[in-house]
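Below, chain A is the first sequence line, B the second, and so on; all start at residue 1. All values below were derived from every heavy atom in this structure, side-chain atoms included, with hydrogens, water molecules and symmetry-related copies excluded.
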Protein chains: 2
Amino acid sequence: MTSPGPGRPRHTGPLRPGATGREQILDAAAELFTTHGYARTSTRAIAEAVGIRQASLYHHFRTKDDVLEALLTSTVTPTLPVAHAVLRVPAGDAEHAAARLYALALHDGRELCRTRWNLGALYLLPELRAPRFVPFQTARERLRQCYVRAGADVVARTGGPSQAGDLAFRLVESLVNLRADGRATADSPAQVAEGCVRLACWSGDVTPVARSGEEMLRDISAALLVPAG
Amino acid sequence: MTSPGPGRPRHTGPLRPGATGREQILDAAAELFTTHGYARTSTRAIAEAVGIRQASLYHHFRTKDDVLEALLTSTVTPTLPVAHAVLRVPAGDAEHAAARLYALALHDGRELCRTRWNLGALYLLPELRAPRFVPFQTARERLRQCYVRAGADVVARTGGPSQAGDLAFRLVESLVNLRADGRATADSPAQVAEGCVRLACWSGDVTPVARSGEEMLRDISAALLVPAG
């Protein structure tokens, strides 16, 4: 296509959002993996969707599995420092403990909904059982443990069931299914976070819990932006 | 392999569980789709896993999509009559309404956990967006609507959030993820059903709700076994 017809603007900018080649590759791969399927997508197809040669893709990623791992990891790893910071806030009474669980669920849920492509839809790929993906599964398990701990601190005060934290983790991940069904809205992460608090048997008003949870997140985000030392 | 070595028993029975050829095909396909992936599985591989010729498979199913649809439909369609029967039970007070939601979630959750292969892991396949799968998606949406109605009847009495029924539907479907993570136990469906009731802001003791919900299911199962007329 060296000579596009009149009235047809020549493509000049990058085909993909992303500041770097790596980010553009990840965006293209995320689209193809979630819409065509992982098995059906070749590295050649990814390179074409970015508008680069396959050799340039290999400059950034050795294999298609490496691309998948980078995408999966991006859905969990950035949330971990926030989750750990939430758990460092003293739980105090039931309301504070509930606010921590709310804050964790709200942040994680927003991250799952924020991405351009619904990457969580790749969590159930059979390919993810390969040893190659143990690092991702380990990071996801670390996040699940944060929910288990935050949940345990609530149910210690409400008398709820011991699996409340795990159920909260599952409920937040179900935002992936809500998105896939075209039913996620801007309110979904907060609704799910409220649900998490209910799962831990918080039976009071959720409004102060939500307010305190959002405040906690704002403080944590501000603190994490300040370089240590 | 006409002459297996000594001590190696000759295979005589069917390779697959299932009373009929159709059931054996579905079992083999379910295994291959959930462990190798849908795109990576050919009808030839399914036929081989059953121990039949590909032509015999085509006697039962025209295409691989037809096999997938039969599997997906089997995860939802048998639950619909139970869900509708649950909704025909008068909701009465908050406890009865909660027991209906519990019964629906418990039955559906048990069905999702009962299958030999974790078929719900196929729900997020990009292939399912094709018009071919509209009948399955419609059946699943009908089941979701049952949760929405059962949830609405609880929150009308507890003052819970309007999305409680939808969240309950999502929480039950998350048993698929629990199974995929190797964390589902015999207690998981009941724990999830209890969680559904909490999501609808039932703040009292769950024990009577669970007992009444289980009783409801027993009555419904008995009634559905009796032929009409």
Side-chain angles (χ1 to χ4, degrees), chain A residues 31-41 118 120-129 137 140-141 144 158-164 166-183 185 187-188 190-192 194-206, chain B residues 31-41 118 120-129 137 140-141 144 158-164 166-183 185 187-188 190-192 194-206:
Chain A
E31 172 169 14
L32 292 168
F33 292 170
T34 54
T35 59
H36 286 232
Y38 182 67
R40 288 188 212 276
T41 300
N118 193 9
L122 307 171
Y123 285 174
L124 290 173
L125 282 177
E127 286 86 348
L128 263 58
R129 283 175 219 142
Q137 297 289 14
R140 181 165 162 265
E141 170 61 16
R144 195 186 72 85
T158 61
S162 62
Q163 68 278 1
D166 185 71
L167 290 183
F169 173 70
R170 307 288 163 189
L171 190 65
V172 172
E173 277 198 351
S174 83
L175 283 163
V176 170
N177 303 60
L178 206 72
R179 275 188 80 172
D181 288 349
R183 296 195 173 275
T185 69
D187 296 329
S188 298
Q191 290 169 351
V192 159
E194 179 180 331
C196 290
V197 169
R198 294 296 182 197
L199 285 171
C201 289
W202 169 261
S203 58
D205 186 5
V206 178
Chain B
E31 173 169 14
L32 292 168
F33 292 170
T34 54
T35 59
H36 285 232
Y38 182 67
R40 287 189 212 276
T41 301
N118 193 10
L122 306 171
Y123 284 174
L124 290 174
L125 283 177
E127 286 85 348
L128 263 58
R129 283 174 220 142
Q137 297 290 15
R140 181 166 163 265
E141 169 60 16
R144 196 185 71 87
T158 61
S162 62
Q163 67 278 2
D166 185 70
L167 289 182
F169 173 71
R170 308 288 164 189
L171 190 66
V172 171
E173 276 197 352
S174 83
L175 283 163
V176 170
N177 303 61
L178 206 71
R179 275 189 80 172
D181 288 349
R183 296 195 173 274
T185 69
D187 296 330
S188 299
Q191 290 169 351
V192 159
E194 179 180 332
C196 290
V197 168
R198 295 295 182 198
L199 284 172
C201 289
W202 170 262
S203 57
D205 186 4
V206 179

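For A/Asp187, no part sits under 4.5 Å from any heavy atom of chain B, backbone or side chain. Contacts between A/Leu178 and chain B at a heavy-atom distance below 4.5 Å involve backbone atoms as well as side-chain atoms. For A/Tyr38, the part lying under 4.5 angstrom from a heavy atom of chain B is the side chain only.
Ranked by heavy-atom pairs under 4.5 Å with chain B, the list A/Val176, A/Leu199, A/Leu125 is led by A/Leu199. In terms of non-hydrogen atom pairs under 4.5 Å with chain B, the most contact-rich of A/Ala39, A/Ser188, A/Ser203 is A/Ala39. Between chain A and the residues B/Glu194, B/Arg129, B/Arg183, B/Arg140, the largest count of heavy-atom pairs under 4.5 Å involves B/Arg183.
Residues A/Pro161 and B/Gln191 have side chains not in contact (no heavy-atom distance under 4.5 Å, counting atoms from C-beta outward).
For B/Arg40, the side-chain hydrogen bond (donor to acceptor under 3.5 Å, both in side chains) partners are A/Glu127, not counting sequence neighbours.
Residues B/Leu167 and A/Leu171 come closest through the heavy atom pair O-CD1, 3.8 Å. Closest approach of B/Thr35 and A/Pro126 over heavy atoms only: O-CB, 3.1 Å. The two residues B/Leu124 and A/Ala180 come nearest to each other via the heavy atoms CD2-CB, 3.5 Å.
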Check against salt bridge (charged side-chain N to carboxylate O under 4.0 Å, His left out), A/Arg144 and B/Asp181: CA-CA 11 Å; A/Arg144 195 186 72 85; B/Asp181 288 349; 5.8 Å; no
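Each of A/Asn177, A/Val172, A/Leu175 was compared with B/Arg170 under the side-chain contact (heavy atoms from CB on, under 4.5 Å) criterion, and only A/Asn177 meets it.
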